[in-house]
Amino acid sequence: MLAFSVPSFHIPLALEKKQTPFKKSIFFKSQLHSKHPLNTGNTSKFKLFTALSPSPLTDSSSNLQVDDEVEVETSSEKFDWYSQWYPLMPICDLDKRAPHAKKVMGIDVVIWWDRNESEWKVFDDACPHRLAPLSEGRIDQWGRLQCVYHGWCFNGSGDCKFIPQAPRDGPPLHTSKKACVAAYPSVVQNDILWFWPNTDPQYKDIITRKTPPFMPEIDDPSYTRVMMNRDIPYGYEVLIENLMDPAHVQYAHYGITDIVQPKDKLDREGGKPLDLSIEELDVNGFTSTQGWSKTTFMPPSIFCYRFTSNNTLYDPNFAYSDPNKPTSSVETKKSSFQKKLSLIFFCIPVSPGNSRVIMCLPRNYGLWIDKIVPRWIFHLEQNLVLDSDLYLLHLEEKKILDIGQENWHKVCFVPTKSDALVIGFRKWLKKYAGGQVDWRGKYSGALPPTPPREQFFDRYWSHVVNCKSCNLAYKSLNVVEVALQIISVAAIGIVAAMKQGAASAVTRNSMVVLAVVSFALSRFLAHFIYKYLRYHDYNHAFR
């Protein structure tokens, strides 16, 4: 994830302990303390342990040192998975001309643009007639969502407005409540479409009582906000904890990421102890502050890192410079300016073994880059980062399911502070959220089988078709490839048709060179399209 750096901004993953004063880490009971099970009653208690990460390469490096033990009262408050706003897609990747199918929390929904109300709508993806998917339909000439199976049409409220098979002089069948489609509350915020996963009428105005988490950097015009979305072949829990684990970056993404290497490297990749700690944890998530970043987890979907160029923390809600200083001075502006970068991940539970991530990287410098570099260029590297640990996390999830989500803390050995955020998430999940996503009995509990590698690492269906920029690049590059092949064949044909002596040797040789170069470029382009926009395998052994 930290590969999404941009020129002149380096993110140090290794911290010297002098940079960050020691804070009490919420290193809850690991398998070393599994003999004390966590109770969930209203007056239950659980243990908090302060863990110190020992120095590397010592005999004690595998032991968890406990300095003190604190009794903390737990809360009876529980996290309701179906009383939350969930992100669906970035607005920049939605086409107003067609409906879009998405799945969130096991719920199949259709997204479409209602031009009569100038709003995005989210419906249940099933026609009430025979349950055909409305996402396979179209927007008709009156701006209604039409089911293409039998032509039933619906307005932005989900009311059926037309049943072609109903007699014209008969009763108005389309006015029946049974002919309506369930409509979900939805809202656009931070250039992302969100929906509330409950169609009960009492939630129709839920936006007036509860809004999605707001990320101010995304709406700040002084920041860039390039977004990307991708479907992931492993579940929500593994996605979240992987993003919370900066220690894996040097290894799983070796050779891809642009990070500062420590002076004293103990191995090729340059891994070092990380001083991570959690400040507070409750039903609303947790925060963590290190010398190099501030991280925030806002369940169920948002996890965010925030950095500055001099490794000092910032709050996007605060002023960026001292208002008492004269703003007309160029030198003052330069001295007070800080480069700021956020890594914002919107993590979406789709179904067991499947998730979706929307990534946004707001930064307040280098804005000109995004104006001249198309979005799909950035996506090439971001997809490579996701590919590099895709398969190992898929297999890891299967192993976790075999032992049971509730036994994670008993089986996984996490003795160092670099795993503090992962442990914090697992503890939040167990204490407040039932230990896993609540699918409400929609699934048997088994994960989908592992597909062939070419299907598993597929980029086209997992990203390209869902990204306007990459989809346009894919189509355009294919047109260029065909054009180069035509030029190559035409040049050869012209040379063959030339009569001996009718053209100079220079002309003939130029046409031959044109044919060869065009053919070579077409082959290179075909390889590029396949490797970066269709299928890109990844083998760590040869990195």
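This chain uses plain numbering: 1 for the first residue, then up along the sequence. Keep in mind that what you see is a predicted model, and the values were worked out from it rather than measured.
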Sub-4.5 Å side-chain heavy-atom contact between Phe303 and Val357: no
With no hydrogens and no angle check, do the side chains of Arg356 and Asn229 hold a donor and an acceptor under 3.5 Å apart? no
In Å, rounded to the nearest 0.5 Å, how long is the span from OG1 of Thr199 to CG of Asp124? 7.5 Å
Please confirm whether the ring centroid of Tyr184 lies under 6.0 Å from the ring centroid of Trp196. no
With ring centroids as reference points, do Trp81 and Tyr86 lie under 6.0 angstrom apart? no
Within the side chain of Asn242, is there an N or O that forms a donor-acceptor pair under 3.5 Å with the backbone of His248? no
Taking atom CG of Asp264 as the centre, does the number of heavy atoms from other residues, nucleotides or ligands within less than 6.0 Å exceed 12? no
Any idea which heavy atoms bring Ile302 and Ile344 closest together, and the distance? CG2-CG2, 4.5 Å
Look at the side chain of Tyr82 and the backbone N and O of Asp438, then say whether any donor-acceptor pair between them is shorter than 3.5 Å. yes
With heavy-atom distances below 4.5 Å as the criterion, would you say the side chains of Trp112 and Ile139 are in contact? yes
What residue among Gln165, Gln146, Lys161 forms side-chain contact (heavy atoms from CB on, under 4.5 Å) with Trp152? Gln165
Show the numbers, then the answer: is there a ring pair (Phe, Tyr, Trp, His ring centres under 6.0 Å) between Tyr236 and Tyr234? CA-CA 7 Å; Tyr236 163 86; Tyr234 52 77; over 10 Å; no
What are the two closest non-hydrogen atoms of Phe378 and Asp370, and how far apart are they? CZ-OD1, 3.3 Å
Is a side-chain donor-acceptor pair under 3.5 Å present for Asp125 with Ser135? yes
Minimal non-hydrogen separation, Val373 against Ile377, with atom names: CG1-CB, 3.7 Å
Sequence neighbours left out, what passes side-chain contact (heavy atoms from CB on, under 4.5 Å) with Trp439? Give chain and number order. Pro349, Pro352, Val437, Tyr443
First locate atom CG of Leu239, then atom CG of Leu393, and finally report the distance between them rounded to the nearest 0.5 Å. 9.0 Å
Salt-bridged, Arg225 to Glu217, with N to O below 4.0 Å? no
Salt bridge check, Asp231 against Arg459: does any charged N sit closer than 4.0 Å to a carboxylate O? no
Regarding Tyr391 and Asn539, is there a side-chain donor-to-acceptor distance under 3.5 Å anywhere? no
Any chance you could measure Gln84, atom CD, to Ser301, atom OG, to the nearest 0.5 Å? 8.5 Å
Trp113 vs Ser118 side-chain heavy atoms within contact, under 4.5 Å: yes
Quick check: do Val187 and Pro212 have side-chain heavy atoms less than 4.5 Å from each other? yes
Could you tell me whether a side-chain N or O of Ser488 sits under 3.5 Å from a main-chain N or O of Leu484, the two making a donor and an acceptor? no
With a sphere of 6.0 Å drawn around NZ of Lys265, does it hold more than 12 non-hydrogen atoms of other residues, nucleotides or ligands? yes
Can you confirm whether the side chains of His379 and Ser469 place a donor and an acceptor under 3.5 Å from each other? no
Trp194 and Trp85: aromatic ring centres closer than 6.0 Å? no
Side chain proximity check, Met228 to His463, heavy atoms < 4.5 angstrom: yes
Arg534 side chain to Tyr474 side chain, donor-acceptor N/O pair below 3.5 angstrom: yes
Look only at the side chain of Asp140 and the backbone of Gly143, and say whether a donor-acceptor pair between them is shorter than 3.5 Å. yes
Asp95 meets the side chain to side chain donor-acceptor pair (under 3.5 Å) criterion, sequence neighbours left out, with Arg97
Taking Leu514's backbone N and O only, do any of them form a donor-acceptor pair with Ser518's side chain (distance below 3.5 Å, no angle check)? yes
Anything under 3.5 Å between a donor and an acceptor, one on a side chain of residues 519-531, the other on a protein residue two or more places apart or in another chain? List them.
unit_1	atom_1	unit_2	atom_2	d
Ser522	OG	Phe519	O	2.6
Arg523	NH2	Glu481	OE2	3.2
Tyr530	OH	Glu454	OE2	2.8

Test Tyr535 against Trp461 for ring pair (Phe, Tyr, Trp, His ring centres under 6.0 Å), laying out the working first. CA-CA 10 Å; Tyr535 163 70; Trp461 293 107; over 10 Å; no
For the pair Glu119 (side chain) and Asp114 (backbone), establish whether a donor and an acceptor sit closer than 3.5 Å, ignoring hydrogens and angles. no
Is any side-chain heavy atom of Pro90 less than 4.5 Å from a side-chain heavy atom of Phe346? no
Measuring only between side-chain heavy atoms, which start at C-beta, is Leu193 closer than 4.5 Å to Pro87? no
With Arg130 as the cation and Tyr149 as the aromatic partner, state whether NZ or CZ is under 6.0 Å from the six-membered ring centre and within 45° of the axis. no
Is Lys399 paired with Glu397 through a side-chain N to carboxylate O contact shorter than 4.0 Å? no
To the nearest 0.5 Å, what is the distance between CG (Asp245) and CG (Leu421)? 8.5 Å
Can you tell me if Asp159 uses its side chain to pair, donor with acceptor, with the backbone of Asn155 under 3.5 Å? no
Residues Arg363, Asp220: salt bridge by 4.0 Å N-O rule: no
Do you know the tightest heavy-atom contact between His394 and Pro233? ND1-O, 2.9 Å
For the residue pair Pro300 and Ile240, what are the closest heavy atoms and their distance? O-CD1, 4.3 Å
Pair Phe425 + Phe297: ring centers closer than 6.0 Å: yes
Examine His174 together with Phe162 and report whether their ring centres are nearer than 6.0 Å. no
Could you grab the distance from atom CG of Asp387 to atom CG of Asp458, nearest 0.5 Å is fine? 10.0 Å
Whether the side chain of Ser351 engages the backbone of Gly106 through a donor-acceptor N/O pair (distance < 3.5 Å, no angle test) should be reported. no
Residues Lys468, Asp93: salt bridge by 4.0 Å N-O rule: no
To the nearest 0.5 angstrom, please state how far the CE atom of Met298 sits from the CZ atom of Phe214. 11.0 Å
Kindly say whether Ala179 contributes a backbone atom to a donor-acceptor pair with the side chain of His129 at under 3.5 angstrom? no
For Val110 and Pro99, the nearest pair of non-hydrogen atoms, with its separation, is CG2-CB, 3.6 Å
Centre of Tyr254's six-membered ring, under 6.0 Å away, within 45 degrees of the axis: is that where NZ or CZ of Arg268 sits? yes
Just checking, any donor-acceptor pair under 3.5 angstrom between side chains of Arg230 and Gln382? no
Flag for Trp408-Glu237: side-chain donor and acceptor within less than 3.5 Å: no
